[in-house]
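Please read the structure below before turning to the comments.
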Amino acid sequence: MSDLEHLKELIGERKEMAEFLDEALSAVEQSDSLESLERVRVEMLGKKGKVSAIFRGIPSLPPSERPVLGEIANTLRRVLSDEIARKKSVLLAEEEREKLSEAALDVTLPGRRKRLGHKHLLSSVIDEIISIFLTLGYRVEEGPEIELDYYNFEALNQPAYHPARSLQDSFYVKRRDPEKNYPDDVLLRTHTSPVQIRVMESDSPPLYVVSPGKAYRRDEVDATHSAVFHQVEGFAVDRDINMGHLKGTLEVFIKKLFGEKREARFRPHFFPFTEPSAEMDISCFACSGKGCALCKGSGWLEIMGCGMIDPNVFGYVSYDPERFSGFAFGMGVERIAQLKYGIDDMRVFFENDTRFLEQF
Amino acid sequence: MRVSLEWLRDYVDITPSPSKLADILSMSGTSVERIEELASGVSGVIVGEVKRVENHPSSDRLRIAVTWDGKEEKKIVCGAPNLEVGMKVALALPGATFPSIGKEKLEKRVIRGIESWGMLLSGAELGISDDQSGILELPHDAPPGEDLRNYLSLDDVVFELEITPNRPDCMSMLGVAREIAALTGKKLSAPRCEVAESSEPAERLAKVEVENLEGCDRYTAKVITGVRVGPSPAWMQRRLHAVGLRSVNNVVDVTNYVMMELGQPLHAFDLNKVARKTIIVRNARPGEQLMTLDGVERQLNEKFLVIADFDEPIALAGIMGGEGTQVTDATTDVLLEAAHFNSVDILTASKRLGMRTDASSRFERGTDPLGTVLAARRAAALIKEVAGGEVAHGEIDISTRPIFPVEIELRTETVGRLLGLDISGEEIQKLLEPIELKVRRNGNVLHVEIPTFRVDLEREVDLVEEIARIYGYGRIPSFIPGGGGAKSGLTKRQKLENKVTELLISEGLSGVVAYSFILSRDLDLLLIPPGDRLRDCVAILNPLAETGELMRTTMLPGLMRVSLANMRRGNDDLAIFEKGRVFFSRGEQEHPLEIPQVGILLHGRREPLSWLEQERKFDFYDLKGMVENLIEGIGTVPPSFDSFSLPYAIPGRSTGVFLEGKLAGYLCQLLPEVVSGFGLSGDFYACELLLEELLDAANEEAQFKPFSRYPSVKVDVAFVVDDDLQSARLEDEIRRSGGDILFRVELFDVYKGPQLPPGKKSLAYSLQFSSPERTLTDEEVNSQLDLIIENAGKALGATIRGREQPNGQQS
Ligand SMILES: [Zn+2]
């Protein structure tokens, strides 16, 4: 039982006393400053206060009343001084807060910031592509950027006078002997596909590999061409790999990279190093397939080339095409970044304007 | 390649809408890049017949054509030189629209006092040819009054197709029609190639010899005599125009028309200009020349295959004819050539000459070796139809060997294995026959006969692609393969490499991607002396002027150019890094070396401008701190630094970074003259680190190192040393003398100034001691500190400027 409850019990039907208690408690509660609280304290508990007056009145009471009233007075004094102390601490805390708020800060002023570093968007996109293939059980391999004609063309089933070669204009490395030509030609790789050959030469199936990197084509630099660009090559060689595996893998990839709603379609195409070959399109982000300026009205965006690895390629690395089959795909990182982030000029990637770098 | 829907309908019944048809073609591998609707701007133009031609009273050049429009005669003022009585013409009536007047409507006009009730149009004005030399002449049987849009099928749709290099058979109307027929389940009807011939044998009118049978394994010639060269009929001009070919004259137009129709390039020679009427297919002789049809004098040598007459070359085989024997208005006798040339020879020659023509682009991919005779007959028939004359009997046909269709064995099991489809031999047969592949089934093995025009089908796997293509890639069910198991995922080294990037970014640096090329001038700007390793560049044989002719041996030029581009646009502060490769030539014998590196460049303010702090610019120690953090972050042994001389660095402001004694890179401040050489100004701090050295030194299998759990004692001590003493040497000495109980050494003040003797500096360290076994006493710490001071004095001449007593226990 608290002191206050005890006191109320002692007071019982003593109406005058009960009224005094209520009055005193409410005076404490209503004090709104330390000064007014002190005034209340003196009025109640001071030498000339009301509680002292009760004590002083006790001797004049009938003897049977004295012990009860003595207890009432004592309890009353205790209850009131506790209440006053409690109220005082409340008022003190309020006063403290008030003082602090006078030193308020402008919270809208900028904070103390360190320079924030940013990953280049092309690196981020490559990382994202790679991370998806890592979850599908792939590993990462890199190859040289200065390649032999053999790896860049010949072993990819593009012999010297294959018509497909006229599609690409390559940077060749200057040799002292200008007559030294194919197949000793050294060039800047025109795609990341040579990594396929290098990995197959040095390892055996099962192979699940992605290979990011720079590639080079002799294109004058403009909004849609760059002499240096990035590709991610991927391939899988295993027993019983079929075209359904290629489709399934790339469909999962595209949904993870561009979102669940993106649909993929595969169109027959031609690449010397794959047979059958396909071009993969994804449903346009901008119009979801209805046709718009971005997709040139078709509803689809060309995203990468792919296909089943040509048995001739296996021939170059001495794999038995009756035992193993595989698929390969290659995508342009710039194109994916452009589509994903709405960038209409490729030059942005290589100018490295800090206002571009700091956006991503 | 452009194909005309109206033309395609000659060979196949097309029911789908143009956009649906485009889809069907695209999904079968013949990508439709663009759909173009033609002549939508023509209205109010009808067939007219010129009844009379009257002179214009006030003009010598203008005449008045009294033209019958099917109902009445209209007077039309006309200036065309080819206007003749009886001609059928394109008559535009008042209110008509046609391409050359844009959105305007033709109005009745008074021309030099004579009212003209319309206009007679040229092919160019109608937008169906380039011919503006005279009015368009329609066939004599054209019905006056008929809407020209109907009569000439002007409402055509053109598809712009991307034909992949493996499908030369699709570089013709018939080839595309064959695909459409197979894909839509219709029948293909090939054009008739029969011609009424005279009794005079072709062999008696001309002679053909093939000397180089490797380069030309088939040469078919047909002779037509007595032709009248003139404009082509309007329908032919219109079709050629629709597919992007210029009308020349009726004979030349037929050769182009048949090339577009069948895919076999043809050439027409004026037979009377061919010396001794003899065609010789041979290699050119050194010094021979040929003026080709484009008006360029070509210098030839023995590498070029030519068509020659008895005296000299008259055409570049498979590429372009010569001016001397071209068909002109005066030509009466024509020799038609339809040949089969070696595709590699044509490709090589066309690359060498930088000439790619409609003919060469077909030959270089491979034409049908059996197609020459049919094409020659078809062209002869058409020439007879549009230019008259007599077709000599038979053809001169020279071929090296009989050509038979190839047969390929196809196992149904291979189809299932590569496509993941369960498909029967019967189903396969149904897919292949519409594209004219003949299938003979023998259990699970199919014997497939390949028509000679399908030069791309050589192997079983090529047929697998045909099956997938016709079946539809979309219908192949999707699966996910199992993946590489234990061989999958990133290696430790790859993870560490990713960590390098993360650490650089956490230092406030942003990644850039620069071109891998530099200019040799860049190396001069960096003051790289001759013979320096940085000049062992891989040079590009065919560089682009704008990007540079050398592969970079240093990342600095790229980083400086990034700076310049940013400064020019007002981005004044820069903290960038690049992870990429540099390239070194190792002479002719060895393949160039590629070295992965990290490059860093700092310039301008360290932090974004703030109201809280004084602006502070990057300095040498900012860069050094970043490198130290990077190295500690990837967990290598502590690096050591030592002065390092670099041609482009300010002397005394560059240091090598050494890991386990091996050079792993440098960092420096660039010389002002180098900075200004790149068009920049101000302080630039640069660093290049060898990624392989960093990763090699990283401790991949870090183990826990126990540390003391007892309270530690901290003491500050300031040494006075010679000004030129490297602080690292003093710190090494302190650590060495501090023994096992010294676990932390922090330099907190460097002072030079009036309170010290000249040539001296003070280095103040905070040292922290603790023992793994117990709480150290002040005496123990003091005696260790005494030892440190004594050794530093002996080894480095260091004296003590101030020494604090152990400041009590700290935990
Ligand atoms: Zn769209």
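Here is how names work: the chains are called A, B, and so on, in the same order as the sequence lines, proteins then strands, and each is numbered from 1.
- Interface remark: A/Glu147 contributes backbone atoms only to the contact with chain B (heavy atom separation under 4.5 Å).
- For A/Phe327, the part lying under 4.5 angstrom from a heavy atom of chain B is the side chain only.
- Neither the backbone nor the side chain of A/Ala236 comes within less than 4.5 Å of any heavy atom of chain B.
- Between chain B and the residues A/Leu207, A/Leu188, A/Asp240, A/Leu187, the largest count of heavy-atom pairs under 4.5 Å involves A/Leu188.
- Residue A/Phe356: no heavy atom, backbone or side chain, is found under 4.5 Å from chain B.
- If you take CZ on A/Phe273 and CG on A/Asp310, they are separated by 10.0 Å, rounding to the nearest 0.5 Å.
- Scanning all heavy atoms of the two residues, the minimum distance from A/Phe266 to A/Met280 falls at CZ-SD, 3.5 Å.
- Stacking of B/Arg475 on the aromatic ring of B/Tyr471 is recorded, both the 6.0 Å distance cut-off and the 45° axial limit being met.
- Of the two parts of A/Thr135, neither the backbone nor the side chain holds a non-hydrogen atom closer than 4.5 Å to a non-hydrogen atom of chain B.
- Contact of A/Leu116 with chain B is made through the backbone alone, with heavy-atom distances under 4.5 Å.
- Heavy atoms closer than 4.5 Å to chain B are found in the side chain of A/Glu251, but not in its backbone.
- For chain B, no part of A/Leu121 is nearby; none of its heavy atoms comes within less than 4.5 Å.
- The part of A/Asp203 that comes within reach of chain B is its side chain, from C-beta onward, which places non-hydrogen atoms under 4.5 angstrom from that chain.
- Heavy atoms of A/Ser226 lying under 4.5 Å from chain B belong to its backbone as well as its side chain.
- Under a cutoff of 6.0 Å and an axis angle of 45°, A/Arg198 and A/Tyr151 form a cation-pi pair.
- For the set A/Arg218, A/Arg265, A/Lys119, the entry with the most heavy-atom pairs within less than 4.5 Å of chain B is A/Arg218.
- At a 4.5 Å heavy-atom cutoff, the contact between A/Phe350 and chain B is made by backbone and side-chain atoms alike.
- Using a 4.5 Å cut-off between heavy atoms, A/Leu134 contacts chain B through its side chain alone, with no backbone atom that close.
- When heavy atoms are compared at a cutoff of 4.5 Å, A/Glu279 does not approach chain B at all.
- The candidate with the highest count of non-hydrogen atom pairs below 4.5 Å against chain B, out of A/Asp353, A/Val140, A/Val173, is A/Asp353.
- Looking at A/Val252, only its side chain comes within 4.5 Å of chain B, counting heavy atoms on both sides.
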